[in-house]
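Structure first, then comments.
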2 protein chains.
Amino acid sequence: MDFDLQTAVPVLSRTPEVLDVLLRDLPSPWVSRTEGPNTWSPYDVVGHLIHGERTDWMPRAEHLLSLGEAIPFPTFNRFAQFEASKGKSLSELLDTFRELRTDSLRRLSALRLTAVDLGRTGQHPEFGRVTLGQHLATWVAHDLDHLVQIARVMGRQYTEAVGPWRKYLRITEPA
Amino acid sequence: MDFDLQTAVPVLSRTPEVLDVLLRDLPSPWVSRTEGPNTWSPYDVVGHLIHGERTDWMPRAEHLLSLGEAIPFPTFNRFAQFEASKGKSLSELLDTFRELRTDSLRRLSALRLTAVDLGRTGQHPEFGRVTLGQHLATWVAHDLDHLVQIARVMGRQYTEAVGPWRKYLRITEPA
């Protein structure tokens with residue numbers, strides 16, 4: 001499937017509400033448990049999505065459009081949420097993510113990007129040359145990837161509870 | 001995490017709305033594409049969830065409570081949706097799933113299950129003895145498993161579009 005804004009934006013615009021419906025006010029083990037050491041809880045993931053809105057998606061798009069390949073994007077900190085989320089409730093994080101995503105999509109829309117713009121290039125600190133279209137497609141896939149992760153982390157909490165069904169549910173850990 | 005109704009029901013009750021927010025009126029490639037031959041689209045998955053409400057979750061719970069281990073559960077048809085969904089729009093399927101889930105949870109609540117009830121046993125046609133608690137935990141994990149699947153199928157459509165990010169997104173196919 002090729003990237004285009006008309007199919008991509010409806011996915012991006014729904015993510016805050018999907019996460020809200022899935023997670024807000026759930027009994028806390030669902031949102032605070034992980035898949036083991038050095039893995040993330042749903043709460044951690046929401047913090048990571050917030051950090052992406054603040055430093056990655058629209059900031060890098062704007063960077064690419066104004067600087068092209070002249071200056072690589074700043075690197076992204078995948079662990080920023082462990083500091084930034086401290087003391088915040090999941091509800092606060094969900095509210096913040098929604099506000100930031102709304103603002104991101106307003107900025108994206110204001111750019112009135114054309115097909116030519118989507119082919120414009122920037123410098124990724126690791127990958128080298130990337131197009132704006134690839135960056136924006138990654139934004140969508142990244143949302144979906146973390147939705148996969150949240151649902152998987154939740155489901156995995158029932159690895160033992162499902163008994164013999166464990167062997168058929170891809171979400172539980174292999175026995 | 002042990003199974004109990006107080007933590008499980010909030011997840012079960014949200015699934016219809018999560019899928020509604022994620023899928024209703026999305027541009028059709030997101031809901032109709034699969035991961036390749038003999039894999040399911042998000043549309044197919046919603047049909048499968050409907051069939052589960054009709055023939056698996058509460059029907060098997062009621063079967064177990066009334067018949068114990070005397071008669072195994074009827075087998076479940078994992079492909080029923082390919083016939084049953086024919087001619088129906090995704091919106092119709094989402095509406096049907098929501099109605100059926102609401103009814104299922106009403107029936108579950110009416111049973112006023114105790115911890116002793118959760119340990120009662122039935123005969124699974126393949127696994128043999130299973131407890132009601134295992135069956136109900138599987139209902140929750142099955143919802144989450146299919147949410148994983150839907151988000152993964154969607155994200156996979158951008159395997160090419162994300163360019164070099166493919167190597168870091170678990171959701172895209174390995175290059």
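Protein chains get the first letters and strands the later ones, always in sequence-line order, with residue 1 at the start of each.
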Checklist entry - Is it the backbone or the side chain of Glu160(B) that comes under 4.5 Å from a heavy atom of chain A, or both, or neither? => result neither
Item to check | Proximal component of Asp145(A), with respect to chain B [non-hydrogen, under 4.5 Å] | outcome: both
Checklist entry - Does any heavy atom of chain B fall under 4.5 Å from the side chain of Phe127(A), the backbone, both, or neither of them? => result side chain
Item to check | Most contacts with chain A, counted as non-hydrogen pairs under 4.5 angstrom, among Val140(B), Thr138(B), Leu136(B), Leu23(B) | outcome: Thr138(B)
Checklist outcome for this item: Heavy-atom closest pair (Ala151(A) atom, Val148(B) atom, distance to 0.1 Å) is CB-CG2, 3.6 Å
Checklist entry - With respect to chain A, which residue among Gly155(B), Pro10(B), Ala141(B), Pro164(B) yields the maximal number of heavy-atom pairs within a distance under 4.5 Å? => result Pro164(B)
Checklist outcome for this item: When rounded to the nearest 0.5 Å, the distance separating CZ of Arg14(B) from CG of Asp20(A) is 8.5 Å
Item to check | Over 12 non-hydrogen atoms of neighbours within 6.0 angstrom of CG in Asn77(B) | outcome: yes
Next on the checklist: Quick check for you: among Gly128(B), Gly133(B), Gly163(B), which has the greatest number of heavy-atom pairs under 4.5 Å with chain A?
Outcome noted: Gly163(B)
Checklist entry - Same hydrophobic cluster for Leu132(A) and Leu67(A), using side-chain heavy-atom links shorter than 4.5 Å among ILVMFWY? => result no
Checklist entry - About how many Å separate NE2 of His146(A) and CG of Leu169(B), when rounded to the nearest 0.5 Å? => result 8.0 Å
Checklist entry - If you look at every heavy atom in Trp30(A) and Thr7(B), which pair is closest and at what distance? => result NE1-O, 2.7 Å
Checklist entry - Could you state the interatomic distance from CG (Leu22(A)) to CG (Leu22(B)), rounded to the nearest 0.5 Å? => result 10.0 Å
Item to check | Stepwise side chain to side chain contact (heavy atoms under 4.5 Å, CB included) test for Leu144(B) and Arg152(A) | outcome: CA-CA 7 Å; Leu144(B) 294 166; Arg152(A) 189 187 66 231; over 6 Å; no
Next on the checklist: Using 0.5 Å steps for rounding, measure from the CE atom of Met1(A) to the CZ atom of Arg156(B).
Outcome noted: 15.0 Å
Checklist entry - Same hydrophobic cluster for Val18(B) and Val153(A), using side-chain heavy-atom links shorter than 4.5 Å among ILVMFWY? => result no
Next on the checklist: Does the plane of the ring in Trp165(A) sit parallel, tilted or perpendicular to the ring in His135(B)? Use 30° and 60° as the thresholds.
Outcome noted: tilted
Checklist entry - Phe76(B) and Leu12(B): same hydrophobic cluster, using ILVMFWY side-chain contacts below 4.5 Å? => result no
Item to check | Selection from Leu26(A), Thr15(A), Leu19(A), Leu147(A) maximising heavy-atom pairs under 4.5 Å formed with chain B | outcome: Leu26(A)
Checklist entry - Cluster question for you: counting only ILVMFWY and a side-chain heavy-atom cut-off of under 4.5 Å, with indirect links fine, are Met58(A) and Leu65(A) together? => result yes
Next on the checklist: Contact between Glu126(A) and Tyr168(B) at the side-chain level, heavy atoms closer than 4.5 Å - yes or no?
Outcome noted: yes
Checklist outcome for this item: The interface call for Val130(A) against chain B, heavy-atom contacts under 4.5 Å, is side chain
Checklist entry - Shortest non-hydrogen contact from Gln6(B) to Pro27(A)? => result O-CG, 3.9 Å
Next on the checklist: Would you say Tyr43(A) ends up clustered with Leu49(A) if hydrophobic residues are merged whenever their side chains have heavy atoms under 4.5 Å apart, either directly or through other cluster members?
Outcome noted: yes
Checklist entry - Side chains of Tyr158(A) and Gln134(B): do they bring a donor and an acceptor to under 3.5 Å? => result no
Checklist outcome for this item: residues 88-124 of chain B vs chain A, non-hydrogen distance cutoff under 4.5 Å, contacting residues -> His124(B)
Item to check | Atom group of Gln149(B) that falls short of 4.5 Å from chain A, counting heavy atoms | outcome: side chain
